[in-house]
2 protein chains.
Amino acid sequence: MILDSETKAVELPEDHGDELRLWLRLLTCTNLIEGEVRSRLRERFDVTLPRFDLMAQLDKAPEGMTLSDVSRRMMVSNGNVTGLVERLVESGHLDRRTSDADRRAQVIRLTKAGRAEFRRMAAEHELWIADIFGDLTPKDVRELMRLLAKTKASAQKSAKARTE
Amino acid sequence: MILDSETKAVELPEDHGDELRLWLRLLTCTNLIEGEVRSRLRERFDVTLPRFDLMAQLDKAPEGMTLSDVSRRMMVSNGNVTGLVERLVESGHLDRRTSDADRRAQVIRLTKAGRAEFRRMAAEHELWIADIFGDLTPKDVRELMRLLAKTKASAQKSAKARTE
DNA sequence: CCATATTTCTTTAAGTTTCAAGTAATTGGC
DNA sequence: GCCAATTACTTGAAACTTAAAGAAATATGG
């Protein structure tokens, strides 16, 4: 506790510059890589990152997902997914049908063509990522994984506390 | 070197799953925090993240910056900055004038009101970030800083190699 | 000086994104 | 069964974003 000249309790503003700098670096780093992946996807396959990301989610769910599932997994809004799916159905990459169990829900899946195209893109994408992280040692990778897991948990805790 | 049944050299596809998982975790982590900051900025100050980011750049440059400077620093396209600045001039946060030295260039600065509002927001923003990263020890922070710097350098090298 | 290249910024089109409001279907409590 | 709350999705408005093309000013190299 600190008392000022008139003997009232005051809060000394603590220094949080380190955390701020960390956040800016995290953001810079992610934006740099994301921009690079975006460029390569456009150059090489003429596809946007959101489309690629959505197809990646569906590739992991052969039996399909609802739009809400996708929305939660991708951490984007419902309305966003509606538009994305619309365009991907239009271009023949996705198949969409109303759920048998719940007529509110739309189940979407990769079409055969969509899956083939995604696999083709994903194979190269994996090489790009390996190259982008190429200067990191296996130990660096492990350590980053650990610290980012801890960061994620901390952020989730903070977000949860805010919305309660 | 590996030879297949017909005695031609083939590449064994190496496993890059670790790097891919690291990238996904990095992305998830950043999106989580970015979404949280975005929510709080809207809730608390009714301001968008891009506006806040632009004002943050200008706060560090009292003498002003050109649109190109901003574009490079924020790692976004020129056209994007044009629109952002338009709206911030409109709302009285920014002042804009043509450069004396180079009549192509527009120099933008925070107005007095814009600076005051930014400082008010930035003070809270710093506390949010400190809270979000709150479970990380000082050592964690240092280590993350180091590993992200290494990651950034690696990504820049990879990007540079591609565009040559 | 002059032609060419580069830089700065704007504009356009298409796509992405959010929030908020609205519709339709389901669930839960009574 | 019925009503209220919740859930799934769509729609609409505004903002953000990019890539690409173009206009204006400046820089560069004969």
Side-chain angles (χ1 to χ4, degrees), chain A residues 27 30-32 34-55 57 64-91 93-94 96-108 163, chain B residues 27 30-31 34-55 64-91 93-94 96-108 163:
Chain A
L27 198 50
T30 301
N31 286 344
L32 181 64
E34 191 170 315
E36 186 60 20
V37 170
R38 191 187 301 275
S39 289
R40 298 197 197 201
L41 280 175
R42 172 174 292 266
E43 243 178 48
R44 190 74 182 77
F45 300 112
D46 194 32
V47 73
T48 64
L49 186 54
R51 277 164 129 93
F52 180 80
D53 286 343
L54 176 42
M55 291 172 81
Q57 291 299 328
M65 303 171 73
T66 67
L67 298 208
S68 290
D69 290 339
V70 172
S71 170
R72 271 186 292 269
R73 289 271 188 90
M74 292 180 71
M75 301 196 290
V76 297
S77 67
N78 278 348
N80 189 347
V81 173
T82 296
L84 263 176
V85 167
E86 228 162 48
R87 287 182 287 272
L88 278 166
V89 168
E90 174 67 27
S91 61
H93 294 88
L94 260 56
R96 166 198 208 128
R97 58 181 187 70
T98 300
S99 164
D100 295 328
D102 184 342
R103 275 179 305 170
R104 290 169 305 180
Q106 305 285 316
V107 177
I108 53 175
T163 54
Chain B
L27 198 52
T30 301
N31 286 343
E34 190 172 315
E36 186 60 21
V37 170
R38 192 186 299 275
S39 289
R40 298 198 198 199
L41 281 176
R42 171 174 293 267
E43 244 177 47
R44 191 73 183 76
F45 300 112
D46 194 30
V47 74
T48 64
L49 185 53
R51 276 165 128 93
F52 180 81
D53 286 343
L54 177 42
M55 294 172 80
M65 302 170 74
T66 67
L67 298 208
S68 289
D69 290 339
V70 173
S71 169
R72 272 187 291 270
R73 289 271 187 89
M74 294 180 70
M75 301 196 292
V76 298
S77 67
N78 278 347
N80 189 346
V81 174
T82 295
L84 263 176
V85 167
E86 228 163 48
R87 288 181 288 271
L88 279 167
V89 168
E90 174 67 27
S91 61
H93 293 88
L94 260 54
R96 164 198 209 131
R97 57 182 187 72
T98 300
S99 164
D100 296 327
D102 184 342
R103 275 179 304 171
R104 290 169 304 181
Q106 306 283 316
V107 177
I108 53 175
T163 54

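The model shown is predicted, which means the values in this text are computed figures rather than measured ones. The chains referred to below are lettered A, B, ... by the order of the sequence lines, with proteins before strands, and numbering in each begins at 1.
Set against dT10(D), dT17(C), dT26(C), the side chain of Asp102(A) has dT26(C) as its closest nucleotide. The listed nucleotides are dC9(D), dT17(D), dA15(D); the one nearest the side chain of Thr66(A) is dC9(D). Of the candidates dA8(D), dC16(D), dT10(C), dT10(C) carries the atom nearest the Leu67(B) side chain, counting heavy atoms from C-beta on.
Nucleotide dT11(D) holds its C1' atom 10 Å from the CD atom of Glu86(A), rounded to whole Å. When rounded to the nearest whole Å, the span between CD of Gln106(B) and P of dA24(D) equals 14 Å. Across the protein-nucleic acid pair, Leu49(A) atom CG and dA14(C) atom C1' stand 16 Å apart, rounded to whole Å. Distance Asp46(A) CG to dA19(D) P: 12 Å, rounded to the nearest Å. dT10(D) atom P lies 16 Å from atom CZ of Arg103(A), rounded to whole Å. Across the protein-nucleic acid pair, Arg96(A) atom CZ and dA8(D) atom C1' stand 11 Å apart, rounded to whole Å. Following rounding to the nearest Å, Asn78(A) (CG) and dA24(C) (C1') show an atom-to-atom distance of 14 Å. For the pair Arg72(B) CZ and dC9(C) C1', the computed distance is 12 Å after rounding to whole Å.
Residue Thr82(B) places none of its side-chain N or O atoms closer than 4.0 Å to OP1 or OP2 of dT11(C). Distances shown here put every side-chain N or O of Arg38(B) at or beyond 4.0 Å from the OP1 or OP2 atom of dC16(D). Between Thr48(B) and dT18(C) there is no side-chain polar atom (N or O) within less than 4.0 angstrom of OP1 or OP2. Between dT18(D) and Asn80(B), a contact under 4.0 Å exists linking OP1 or OP2 to a side-chain N or O. Distances shown here put every side-chain N or O of Ser71(B) at or beyond 4.0 Å from the OP1 or OP2 atom of dC9(C).
Contact of Arg104(A) with dT26(C) (side chain to base): no donor-acceptor pair of N or O atoms is detected under 3.5 Å.
Applying side chain to side chain donor-acceptor pair (under 3.5 Å) to Ser71(B) and the options Asn78(B), Thr82(B), Thr66(B) leaves one that passes, Asn78(B).
For the residue pair Ser77(B)/Asn80(B), the side-chain donor-acceptor check at 3.5 Å is not satisfied.
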